[in-house]
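Some notes on the structure that comes next.
Note that the structure is predicted; figures quoted are calculated from it, not measured. Each ligand, and each atom within it, is numbered from 1 in the order the structure gives.
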Amino acid sequence: MNNTSLQELVEKISLDSFGQSFDYNATFNSRLRTTGGRYDLRTHNIDINPKMLIEHDEETLRGVIKHELCHYHLHLDNKGYQHRDSDFKRLLTEVAGLKFAPLSIPTHRYGYVCIECNQLYVRKRRINLGKYVCSKCHGKLKLQKEIVYK
Ligand SMILES: [Zn+2]
Ligand SMILES: [Zn+2]
């Protein structure tokens with residue numbers, strides 16, 4: 001999917017779910033970091049974080065597009081277009097848009113190594129080193145490194 005097909009998809013969702021056209025530009029913007037999409041009040045354009053497609057799926061992408069289109073249509077209709085406004089909440093529910101864009105949450109893993117036999121353990125959570133010892137030799141464990149998978 002590129003910017004052209006994104007534009008077509010946004011226009012289609014606008015007509016199908018809102019019964020009104022989207023007359024501005026929709027583009028992928030990889031500089032968006034903390035949000036799945038953005039509606040610009042000044043230009044009326046919509047930016048979409050390409051991660052929504054890369055790390056999630058088309059269903060998520062559609063949900064994010066609907067969310068941004070809620071801002072767009074309400075803003076142009078002079079209605080409450082902000083998250084806290086009841087107009088926004090109502091319309092978002094109506095079109096089944098996503099409330100929040102899912103962000104990629106880095107997965108933490110902790111690597112521990114036994115100081116006696118060098119056995120490596122990888123765990124999702126921190127281990128209480130005062131309580132747990134190596135299951136092979138009962139040696140003490142030490143934190144080797146914190147691994148972050150993105
Ligand atoms: Zn929003
Ligand atoms: Zn050991």
Side-chain angles (χ1 to χ4, degrees), residues 1 3 6-7 9-105 109-147:
M1 180 173 276
N3 281 332
L6 176 67
Q7 177 76 30
L9 183 63
V10 175
E11 287 175 7
K12 188 179 183 315
I13 291 175
S14 186
L15 286 175
D16 291 351
S17 300
F18 297 82
Q20 283 173 295
S21 61
F22 172 70
D23 305 318
Y24 294 87
N25 294 318
T27 42
F28 282 116
N29 182 350
S30 50
R31 279 167 305 166
L32 295 181
R33 299 231 176 266
T34 56
T35 175
R38 186 177 64 186
Y39 166 64
D40 191 315
L41 294 171
R42 202 168 35 83
T43 62
H44 309 298
N45 293 331
I46 287 176
D47 283 1
I48 297 292
N49 189 335
K51 274 188 178 174
M52 293 305 109
L53 198 56
I54 297 164
E55 294 180 8
H56 301 284
D57 51 16
E58 189 156 337
E59 206 42 47
T60 306
L61 177 70
R62 298 172 80 90
V64 173
I65 290 172
K66 285 177 178 176
H67 177 113
E68 301 310 323
L69 280 172
C70 284
H71 287 302
Y72 170 83
H73 287 294
L74 292 167
H75 181 234
L76 292 186
D77 287 348
N78 289 315
K79 290 180 184 161
Y81 61 86
Q82 292 181 304
H83 292 156
R84 57 181 157 80
D85 293 325
S86 54
D87 285 337
F88 183 87
K89 288 176 188 162
R90 199 179 316 118
L91 187 58
L92 192 69
T93 311
E94 251 176 61
V95 300
L98 283 183
K99 208 164 185 180
F100 303 104
L103 293 174
S104 44
I105 298 155
R109 293 287 186 274
Y110 298 96
Y112 293 90
V113 65
C114 171
I115 59 172
E116 303 292 337
C117 73
N118 284 322
Q119 171 73 27
L120 179 72
Y121 298 88
V122 178
R123 293 289 179 272
K124 284 184 187 175
R125 295 180 189 186
R126 279 181 176 277
I127 292 176
N128 180 345
L129 295 177
K131 254 170 111 176
Y132 293 94
V133 293
C134 174
S135 59
K136 293 215 158 149
C137 75
H138 302 286
K140 283 192 169 183
L141 302 177
K142 70 169 190 193
L143 181 65
Q144 193 184 38
K145 63 175 170 183
E146 212 175 307
I147 311 156

### Query
Do any of the N/O/S atoms of Cys70, backbone or side chain, fall under 2.8 Å from the Zn ion (ligand 1)?
no
### Query
Taking the side chain from Asn3 and the backbone from Phe28, do they hold a donor-acceptor pair closer than 3.5 Å?
yes
#### Entry: For the Zn ion (ligand 1), the closest N/O/S atom belonging to His71
NE2
### Query
Rounded to 10°, how big is the angle at the Zn ion (ligand 2) from Cys117 SG to Cys114 SG?
110°
### Message
Please evaluate residues Thr27 and Asn25 with respect to the criterion side chain to side chain donor-acceptor pair (under 3.5 Å), reporting the C-alpha separation (whole Å), side-chain torsions for both, the decisive distance (0.1 Å), and the verdict.
### Response
CA-CA 6 Å; Thr27 42; Asn25 294 318; over 6 Å; no
### Task
Without swapping roles, check the side chain of Tyr112 against the backbone of Ile127 for a donor-acceptor pair under 3.5 Å.
yes
### Task
Would you check if the side chain of Lys79 reaches a backbone N or O of Asp87 as a donor-acceptor pair within less than 3.5 Å?
no
#### Entry: Minimum-distance atom from the Zn ion (ligand 1) among N, O or S atoms of His67
NE2
### Task
State whether Cys134 contributes an N/O/S atom found under 2.8 Å from the Zn ion (ligand 2).
yes
### Query
Side chain of Asp47, backbone of Arg38: donor and acceptor closer than 3.5 Å?
no
